[in-house]
Amino acid sequence: MSSFLKGVDQRTSLAGMNRMELLLFTIKGKQLFGINVFKVREVIRTPEISVVPKSDSRVVGVSDIRGQTMPMIDLAKALDLEPVDPSKYSKSLTIVTEFNSSVQGFLVEDVDRIVHLRWEDILAPPDSLQNVNYLTGITRAKDQIVQIVDVEKVLAEVSGTPEEMSDEFISQNISKTKNQDFFVLGADDSTVARSQLKNVLDKMGIANKIVNNGKLALDFLQKWADDADKGISPRVSDRVLMVISDIEMPEMDGYTLTTSIRKDDRLKDLFVILNSSLSGGFNETLTEKVGANVFLSKWHSDELANTIVDRIDAVTSASQKQA
């Protein structure tokens, strides 16, 4: 099955064009699920699994794949579906993924194929399900509904919550941010990432709004720009400290969002941070190409907070020089 994904690392030309590739698979029955191909290292027949005592019940053990030991996660059990029978492990497939600086295997029933999609063809889950499900998006393929799994949320629950901002950092920098008139707009399709971003900003005392895709972020900015045009509010660049956006999102990805910001004279001066859980140098290259200011890998809270403080220092210094 590894040949099934041959050339994945050559597909980066899709990024930046609001397009992506989705690996379709089944967990139990005919329902199709999907995962961004960029998160996938390979697909293999499930290898021998060694049980790990007292591990999370969704972690069925560890496997040695070409000299690398990795946790093996029963994706069905993680999604509250009927788990894979241990006697059938050898008949199942494993999707080996790499994101958030870690490698892990997800057991699935079968892999279907890879499909080409536009991000605008992928819809965010209904608002009523935003915080209670494991989906980042919904689309259609082969005349079927495809549910795109929030594997970052699954991994976060299995591995523990992401690292918090250190108390040392807060004590050293809170005076720069607390009770200051700063606002940050965030966009991310992962519930885990949205929660962590909001937690960082709230602890820093920075007003914020976090939406779940690039289109919502652009709509928000354009609404503020329209208000400025009418003279009922300041310029957007005077109100927004920065935009922090995920790259892979339904409806509009982070690259397209950044390009749209740079093309709008009312928004073009905004400071934009792009981040991604995906590995690969193409992120840094395309970040520069579309005009974003900074690229960060997910998620290191202190690194993000330091970047925010650096931006605050730059804005404060520029304001003092103009005074």
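Hydrogens, waters and symmetry mates are skipped; everything else that's a heavy atom, side chains included, is used. What you see is a predicted model; the values in this text were computed from it and never measured.
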**Q.** Pairing residues for R235 by the salt bridge (charged side-chain N to carboxylate O under 4.0 Å, His left out) criterion, not counting sequence neighbours
**A.** D238

Q. What pairs with D85 under side chain to side chain donor-acceptor pair (under 3.5 Å), at least two apart in sequence or on another chain?
A. S87

Q | I35: side-chain contact (heavy atoms from CB on, under 4.5 Å) partners, not counting sequence neighbours | A | L23, F25, K39, V40, T97, V151

**Q.** Residues which pass salt bridge (charged side-chain N to carboxylate O under 4.0 Å, His left out) with K209, listed by chain and number, not counting sequence neighbours
**A.** none

Could you list the donor-acceptor pairs under 3.5 angstrom formed between side-chain atoms of residues 72-80 and any protein atom two or more places apart in sequence or on another chain?
from	atom 1	to	atom 2	distance (Å)
D74	OD1	A76	N	3.1
D74	OD1	K77	N	3.4
D74	OD2	V84	N	2.9

Q | side chain to side chain donor-acceptor pair (under 3.5 Å) against R266, all qualifying residues, sequence neighbours excluded | A | D226, D229, D264

(Q) Applying side chain to side chain donor-acceptor pair (under 3.5 Å), can you list everything that pairs with K223, at least two apart in sequence or on another chain? (A) D227

Q: Could you tell me which residues satisfy salt bridge (charged side-chain N to carboxylate O under 4.0 Å, His left out) with R239, sequence neighbours excluded, listed by chain and number?
A: none

Q | Other cluster members, L216 - Ile/Leu/Val/Met/Phe/Trp/Tyr, side-chain contacts below 4.5 Å | A | V211

Q. Linking Ile, Leu, Val, Met, Phe, Trp and Tyr by side-chain heavy atoms under 4.5 Å, what else ends up with V52?
A. V62

Q: Name all residues meeting the side-chain contact (heavy atoms from CB on, under 4.5 Å) criterion together with S195; count only those two or more places apart in sequence or in a different chain, and write none if there are none.
A: none

Q. Do you know the tightest heavy-atom contact between I122 and P250?
A. O-CB, 3.2 Å

Q) In chain order, what residues pass the side chain to side chain donor-acceptor pair (under 3.5 Å) check against D121, with sequence neighbours excluded? A) R118

